[in-house]
Structures are given as C-alpha cells and as structure tokens.
Peer 1: 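Encoded as structure tokens, here's the structure I'll be asking about.
What you see below is based on every heavy atom in this structure, not just the backbone, and it leaves out hydrogens, waters and symmetry mates.
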Amino acid sequence: MKPLLKEIQHNKLLWLLAFVPALFAAQRLAHDAHTLLFLLSVLAIVPLAALLSHATESVAAKTGDAVGGLLNATLGNLTELVIALTALRAGQYVLVKASLAGAIVTNTLFMLGASLLLGGLKYHVQEYNRMSARMQAGLLFLAIVALLIPSAVSQADSVAGIAFTQQLSVGLAVLLIVAYALSMFFSLKTHPEEFTSAESGEAGHASWPMGLALATLAGVTVLVALVSEIFVESVQKAAEAFGMSPAFVGFIIVALVGGAAEMASAFAGARKNRLDLSVGIALGSASQIALFVAPVLVLVSYVIGPTPMNLQFWPGAVVMMLIAAMTASMVTNTGRSAWFVGVLLLMVYTIFAMTLYLLPPRVA
Amino acid sequence: MKPLLKEIQHNKLLWLLAFVPALFAAQRLAHDAHTLLFLLSVLAIVPLAALLSHATESVAAKTGDAVGGLLNATLGNLTELVIALTALRAGQYVLVKASLAGAIVTNTLFMLGASLLLGGLKYHVQEYNRMSARMQAGLLFLAIVALLIPSAVSQADSVAGIAFTQQLSVGLAVLLIVAYALSMFFSLKTHPEEFTSAESGEAGHASWPMGLALATLAGVTVLVALVSEIFVESVQKAAEAFGMSPAFVGFIIVALVGGAAEMASAFAGARKNRLDLSVGIALGSASQIALFVAPVLVLVSYVIGPTPMNLQFWPGAVVMMLIAAMTASMVTNTGRSAWFVGVLLLMVYTIFAMTLYLLPPRVA
Amino acid sequence: MKPLLKEIQHNKLLWLLAFVPALFAAQRLAHDAHTLLFLLSVLAIVPLAALLSHATESVAAKTGDAVGGLLNATLGNLTELVIALTALRAGQYVLVKASLAGAIVTNTLFMLGASLLLGGLKYHVQEYNRMSARMQAGLLFLAIVALLIPSAVSQADSVAGIAFTQQLSVGLAVLLIVAYALSMFFSLKTHPEEFTSAESGEAGHASWPMGLALATLAGVTVLVALVSEIFVESVQKAAEAFGMSPAFVGFIIVALVGGAAEMASAFAGARKNRLDLSVGIALGSASQIALFVAPVLVLVSYVIGPTPMNLQFWPGAVVMMLIAAMTASMVTNTGRSAWFVGVLLLMVYTIFAMTLYLLPPRVA
C-alpha cells in the first residue's frame, strides 16, 4: 500500500480520487441530478484512469517486453474499453460508435497537436523518430480504411444490406485484430531497433511491486466500471442541460474524459523534449482503439449486447477519422516539429468540435 | 510619377493599361455588347493587377517584415477580393464560390504546374526549400478541410440544416482567419529562418517611394473595382455566347484573370531557377484565398450582401479542391522537380477544366 | 524453335501449356460444364501470359530503349487487354470495368504487398529507388483522379448527364494516353538516370531471336484471345456455382489470372533483393492499366462494342482505387521496406476482397 499512497501524495491528479466516494454518495441521495452526477463522474474517472495506467505500466515493466507490450496494449485503453462496454450493454450503439470515432480523432488531433504545441512553446524545433511515427500512422490509416469500407459500400438499407454489413463487420474485426497482433510482433520481436527511442521513453516512473499493481488493476477496473455506468446514464441528460448535441458528447466529451490520463503523460513528455514518447502515446493510443478496442466491441456485442453491433459509422464521423489519419500522416512525415504544427492539428480538431457542437440533434 | 512611367515603359504588360479607358468608353457606347465588354475587361484587369502587386511590394519593402508581410498578405489577392466583392454585392453567390474554389485550384495546379514545367524545360532538375512548401501545403490542407466540412456534414436542406450551415460557416471563417494570422506570426516572427530562401526571392524589383506606392494602391484599387463591375456583369452573358458553362467561367476564366499578375511573377521566377519564389507565390496565394479571402467574404456578406453567404460548396468543387491540395502535398514532398512533375499537375488541372467545360449547366 | 522449347523445359510454369489443348477439347465435348471450362481456362491463361511477357521482353531488348519501352508498355498488359476486349465485344461492361478497377487494385496492393512481404521474410530491411516508385505512384494518382471525376461529378441519370459522362470519358481517355506517352518520354529520353536501377533489373532473361519472338507474340495473342472467350463466357456461371458475387469475380479472380505472369516476375525479384524490379512491375503495371488499357478500351468501344463505354465506375470501386493509390504513395515514400509493410498492403487488399465476396449481388 505504501507506494500507492506515495503516488497519491506525489501526483496531484490523484487527489481527485475523493470524487469517487462523493459520486457514489450523490447517486444514492440525488438519483435524478443528472448534471451533478455527470460532473462528478467525469472528475472521478480522470484519477482512476491515471491509476490504471500507472498500474499497467508497473505490471508491464515486470513481465518483460513481449508480455508487457501485450498487457500495455490490452490495458492501455482500458478506461475507453470499460466505458464503451457499459454503453454497449445499455444498447447505446450510437454513443459507443461516437466515442470510438471521437477517441481516434481526439488522440490523433488533440493529444498529438497539444503535445506538439506545448513542446514547441518551450523548444524552438523538436525532432523525433519518424520510423515509429510512420508505422503508427500507417496502422491508423489501415484501420480507418477498414472502418470506412462498410459506409462506402453499403448504400442499401434493405434486409440483405443489413446482413451484409453485419457479416462484413465481423470479418473486418477479425482482420483488424490480426493486423494488430502482427504489428506488435513486428515492433517487439523482429524490428525493435526501429522503435528504440520511443521504447526507452517509457522508463520514467518508479514501478510498483507486482502484487500491488495487480490488485490495483483489478480494484480500479471495477471502480471504473461502476463510475462509467453512472457516467453513461447521466451524460445524455446532462448534455441536453448544457445544450450539447449527442454527437458532441460522444465524440468530444467522452473521448477527452477517457483519454485524460494518457494526455497528462503525452503532454509531460513533450515538455521534457521527449517527443517520441508523446507521439507514441497519441498515435499508438489512436491505432489501439481502431485496431483493438473497436473490433473487440463488435465481437463482444454478440455476447453482451441486445443486438450485434456493426462497424458502419455515420458518414461525417468517417470523413473526420479519415482526415485525422491523413493529417497525422502528413505531419509526421518529417520527424521535425515546431509550435505551428501543433496549431495546425488543433485547428483541424477545433473545426470538428465546432461542427459537432452546432450540429442539429436529428442529423447525427 | 516618374518611377510609375518608367515601370510602364519597362514592363510590356502595362501597355495593356490602354484597355482601361477603352473599356469605359465601350461601356458608354455599347452597353449591351457583353462579349466585347467581357474581352475588354479581361484585358484591362491584367495590367491593373500587375500594378497593384508592384505597389503592394513597394509598400511592403518600406514598412519592414511584419507590417509588410501583413500588407502583402492582405493586398496580395486584392484583385480576386475586389472581383469577389463585386459579385457578392450583386448577390451572385454561385459565381463567388466558383471563383474562390477556382482560384485555389488554379493557383495550386495551373500556376504551380506551369512554373515547374517552364522551369523544367530550361533546367534538368530544380531544387527548392521543401520546409516552406510544406507549411503552405499544410495550411492549404487545413483550409480545404474547413471548406469541405459543411458539405460533408449537412445533408439536410431543412430549415435547421440551413441555420446550422450558416452558423458553422461563420465559426469556420473566424477559425481560418486566426490560423492565417498565426501562420504569419510563425513565418515572420518565430521561425523566419525556415523560410529564408523564399523571402530573399522577393527582392527583385526596384521599389517606389512610399507616397507614389500608396497613391497607386488607392487609385488602382478603385479602377479594379470599376472594371470588375463590368466584368461581373458581362461574364455570364459572354460565356453563353462562347458556349461555356457558368461553372467553367467562375472556376477557370475568373481565376485565370484574377491571378494573371501573380502568374507572370511565378513563371518568371521559375525561368530564373528561383523555384522557391514560384512555389511560394503559387501555394501562398492559394492558401491566402482559402484562409483569408474566403472567410472575409463570409463575414462581409453580412454587411453588404443581400443575404449572408455560407461556406457550403458544390460537392464537385470540394472534390477538386481536395485533390488539388493532396496533389500539391505529394508533389512538394521532395523539394526536387523536373518537367514531368509540372505536366502531372497541369494534367490534373486539364481534367478539371474539361469536366467543367462539358458540365451540363443545370448540375453546377 | 529451340529457345522456345528450352524456355518451356526451364520454366516449370510453362508445363501448364498442356491445359490449352485440354481446354479446347473440353469445350467441344462438354459445352455446358462451365465450372470445368472456367478452371481449365484459368490454368491455360497463366502459361500463355508468361510466354507473352517473355516474347515481349525479347522484342524490346532487340529494338533499343525507345521502341522497346513503347512495345513493353503496349504489350505488357496484353493479357488483360485481350480479356477486356473479349468482354467488351460481348457487351459485358460491368465485367470490363470491374476487371480494370480490380487489376489496378490487385497490382497496387496484392502484387506490391506480397513482393514486400516475400522479400521482407528473407531480408531484414530492403531498399529501393524511391524516385522511380514516386513517379509511378504519381502517375497512378493522376489516373485515379481521372477515373473518379465522372463518378464525383455526375449525379444525374438524366439524358444530358449520360451524354456528358460519355463526352467526358472520351476526353479523359485522350488525356490519359497523352500523359502516358509523356511519362515514357520522360523516363526513357529526358531523365533515364532517375530510373537506372529499375531498368537494369530487366536484363535477367536470355532473349530470343527476333523472328521467334514476333511469331510467338502473334501466335500466343491469338491463343489468349480464344482462351479469353471461353473464360469470359464461363466465368459468371462458374462464379455462381462457387457462390461468388460478380463483383468479386471481376475484381479479384480476373485480375489475379490476368496478372499471374507479372506476379511471378515481381515475387522472384523481391526474393533476389531486387525490389526495384518488383516495385517497377507492380506500380508500372497498375499505372499502365489506368493510363493505357482503360482509355484504349473506351476509344475501342466505339468501334467494336454494342454501345460506347464510359469511365464512370461503381462508387465502391472508385473508393478502393483511390485508397490503393494513396496507400502506395504512403508506403513508397521512404524507399525502405520490412515485412510488415507488405502485411499492411495485403491487409488492405484482404479488406477489399472480403467486402466484394460478401457483397449482395444486387448492389454491385
């Protein structure tokens, strides 16, 4: 327990843990105060996500590269996964899809853009390993192609069309998971030397003993699941209260909340001139969601969802994901960055956020 | 006045100034000879644009980098801006949008392509500063994303959809102007060293005294405005006489006329193996129109237009702008060029021009 | 005749020539056994395509660079051209277009991807001439732009829309052939030094005497035409028997059969660490089909087809071609490759193949 307490003392973010019991108390006392519950659940998820990410890194550090990489990959977006699973079980497929697309776009444009801007405000020009950035951008592009195909091909809302989209989604999900496994084999086993600088970046934190890390993982995951349930229940009603469209909530709010912990790490890396770390977290996280979280949700929907989920996204979301992937690939082409590159990415993100905020509810 | 007369003697293009009084005379005498008025106004705009660009450079050279850059940027596409404002006041929004999209595509594909071809016919291989080309291509891509979003998102022709598109357009216009201002701050103040070679290219002309330059600016702008009025009035009728579709006129004819002066400079630069200058003028001009002229027109339409103008373009125009930006980004990736690269760009332009020429009027 | 027999002894693939007489016999005896005829015709086309490509190379080697390049270019995709002409004469325009789009996508993603994977399994990292790959990728992109414009612009199924698409297609066909001729002039005459390593790769085979090569060319072309006729007749019925959609047959099966000989060369090159050869064959073949075979078919359709053919493709095919060109351009950006790059390309191809396999017949 001592390292856990030490971490809490050390990391100001973890003081927010006080909001976890506050949230559960509020839910008992004021079941219908959706806006309050929404705000409390946001404040409670952020420190839990930070703890989860710290525990995952500790386990990964102990188990060696291969298993550690696998764990990191599987658990790295655990917060997003748990939130999405909760929404999936509630049958809120529009929210699930919006939060997947939103996480991809937010990580690619906002997390990367803000990292490059924050780093660029401190250092005149920053350099990073473009090989690693390119593989992540390539993976992301592949995944976006998989996600856009169902929307590009199926115009028909007929019975045959629906069955086709469903079969296709299952096939794509399997393909994406295979591609993801092969990409880890490539970066961890056959060509680790291409990714050196990004790997070494991970070694910053002091790691916990195995038992504590595993116990934290298990306990915090349960807490995240409980908090997510309140979050998913309250988010739509709270959004109405704030005048936000459902598309904006799923795409922007859920994505920012789910990725808060990773963002803290990515921004810290950029401020220390370790841009490899920031680029790795931002693009790695985006491609993980596209290649791992999204397909797992499709497959799991057969077991826990009211009906199977497919990979057909709202056309606007497809356009945004595609633009995000193209922008990332253009920007990381050189391995050099200055503050304005970050501004460009943030501008594209702001365009998307503004569009979703203004969108009349019926359209999305 | 002496330097002005000297310039007119020196620069053969300026002999065309004789067409300015000829045009005004013709308008008095033959008000309905649309084809004649159209041809005369084209011939009159070209030398006025050349004078305008020379006067702008002279003012910019005197006022130092920051103010000069701002002036150059604001006035660089003054001809296009004045033509578009004239069409805007006449409520011809289809023509305004076609000329904006056309100017972006024409500068990116035709001006850049012809420069690379002309340079390549003289020099075996030419090199240029790819960092500067990349920033321009990145800015252009950002702007095109902003311009494609309203078309990508709003399928609805409902009342809510129209209000949404209008709000979104205003928001995008503000964002684009902010991005433009930041890009100038970046290239002039914080990272000028990345753009050195393109800057030094500007120093070719002998500059005028301040008073003359400002007087020329004011006087010629009034003349351009007067000529534009005749041009906008006559262009549609003349086009019918020549069997051209309105889309072709706005996209190709207006864009070529409005950019004639810049094209002369860009081509001259390429023939002198100063490709940085050509690439800077072509891509810089395209991104200026997308990031500055287009948003200004949206905002100004609230004041002078019969109804507010939005940024929703005809889908074909969006596709063409997007392809132009992608082509520019692909081509400028290496910083090397040979004649065939120019041919590729011109081919894409010819494809677009031919498509618009053949387009049945009703569709655009 | 001796070198021909020697080649047959040496090249195991040519033992498949036995299937040519077997096919003609089977057609006499079992006119309605579509599945058998389909399988036999596939097995017969492969060795004929290999012979054709060997004879073309021999003629090209004798006639010097310029004429040889022209011949190679014209005859390089002779198999695809003859199959497509046969389908064109039969009025099967859907099959013609599917096989064109399929050949472009298959060469770009499958042939290139499998080459990079096969090479990468043997060599840790492979390098190749990126200038040549870039020109091919640039040409391919230009051609795809030409092929997507008719679909992007014409929404109308009106009479005016149909006439417009037809005129536009003829114009585009002429432009593409001009671009193709200029690209050959560039790579063979004005800038051959940029393509050296790819050229030297061609010199592997022992070449035949001119007379034998020309006789083989003529004779084998006639055989390919006869076999293609049986293939085109049987392929649709056989596909139904195998439960394949017509889109899958045209896009995947015909493309793989037509390109079998080139694939053998490309894969062999990659295994010998001569990736320039593989990339040149794969991208060169794809751009040849887009810039030469497709436009020739449009022009020829006025003479031999029941009605003129246009270049308007099924939107799904346009998306796939565009993604293929973008993927190729992203991947060949660096001139370096490892096995995972091949996997990425093959994954995108598998996504397309799976989509087409599952597609309900009515949609395509």
Peer 1: If you apply the rule side-chain contact (heavy atoms from CB on, under 4.5 Å), what do you find for C:I323 with A:L148, and how did you get there?
Peer 2: CA-CA 11 Å; C:I323 290 173; A:L148 75 81; 3.9 Å; yes
Peer 1: Which heavy atom of A:F141 sits nearest to which heavy atom of C:T327, and what is that distance?
Peer 2: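 Scanning both residues completely, I find the closest heavy atoms to be CE2-OG1, 3.5 Å.
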Peer 1: With chain A as the partner, which of C:T350, C:L356, C:V343 has the greatest number of non-hydrogen pairs under 4.5 Å?
Peer 2: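 Top count of heavy-atom pairs under 4.5 Å with chain A: C:T350.
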Peer 1: Any non-hydrogen side-chain atom of A:R134 less than 4.5 Å from a side-chain atom of C:M330?
Peer 2: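 The answer is no; the side chains never approach within 4.5 Å.
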Peer 1: Can you check side-chain contact (heavy atoms from CB on, under 4.5 Å) on A:I149 and C:F352, steps first, answer last?
Peer 2: CA-CA 8 Å; A:I149 279 294; C:F352 292 171; 3.7 Å; yes
Peer 1: Please list, chain by chain and in numerical order, all residues satisfying side-chain hydrogen bond (donor to acceptor under 3.5 Å, both in side chains) with C:S278, sequence neighbours excluded.
Peer 2: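 Result, side-chain hydrogen bond (donor to acceptor under 3.5 Å, both in side chains) vs C:S278: none returned.
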Peer 1: CE of C:M347 to OG of A:S183: how many Å apart, nearest 0.5 Å?
Peer 2: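 Going from CE on C:M347 over to OG on A:S183, the span is 10.0 Å.
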Peer 1: Between A:V145, A:L182, A:L139, who has the most heavy-atom pairs with chain C when the cutoff is under 4.5 Å?
Peer 2: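 Most heavy-atom pairs within the cutoff with chain C belong to A:L182.
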Peer 1: Please determine whether side-chain contact (heavy atoms from CB on, under 4.5 Å) holds for the pair A:L168 and C:L359, giving the CA-CA distance in whole Å, both sets of side-chain angles, and the decisive distance to 0.1 Å.
Peer 2: CA-CA 9 Å; A:L168 182 61; C:L359 209 61; over 6 Å; no
Peer 1: Over 60° means perpendicular and under 30° means parallel, so classify the ring planes of A:F185 and C:W339, tilted if in between.
Peer 2: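 Ring orientation, 0 to 90° scale: tilted.
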Peer 1: In terms of heavy-atom proximity below 4.5 Å to chain A, should C:V348 be classed as side chain, backbone, both, or neither?
Peer 2: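 Both parts, heavy atoms under 4.5 Å.
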Peer 1: Could you list which of residues 101-109 of chain A have a heavy atom closer than 4.5 Å to any heavy atom of chain C, in residue-number order?
Peer 2: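 So no residue qualifies.
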Peer 1: Are the side chain of A:H191 and the backbone of C:H124 linked by a donor-acceptor contact shorter than 3.5 Å?
Peer 2: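 Yes; judged by distance alone, with no hydrogens or angles, the pair exists.
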Peer 1: Could you note down all residue pairs passing salt bridge (charged side-chain N to carboxylate O under 4.0 Å, His left out) where residues 109-129 of chain C supplies at least one of them, sequence neighbours left out?
Peer 2: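 As it turns out, the salt bridge (charged side-chain N to carboxylate O under 4.0 Å, His left out) pairs with a partner in residues 109-129 of chain C, which skip direct neighbours, are C:E127-C:R336.
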Peer 1: Roughly how far, to the nearest 0.5 Å, is CZ of A:F186 from CG of C:L344?
Peer 2: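 Between C:L344 CG and A:F186 CZ, I get 9.0 Å after rounding to 0.5 Å.
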Peer 1: Please report, to 0.1 Å, the donor-acceptor pairs under 3.5 Å made by any side chain of residues 169-179 of chain A, with sequence neighbours excluded.
Peer 2:
unit_1, atom_1, unit_2, atom_2, d
A:S169, OG, A:T165, O, 2.7
A:S169, OG, A:L311, N, 2.8

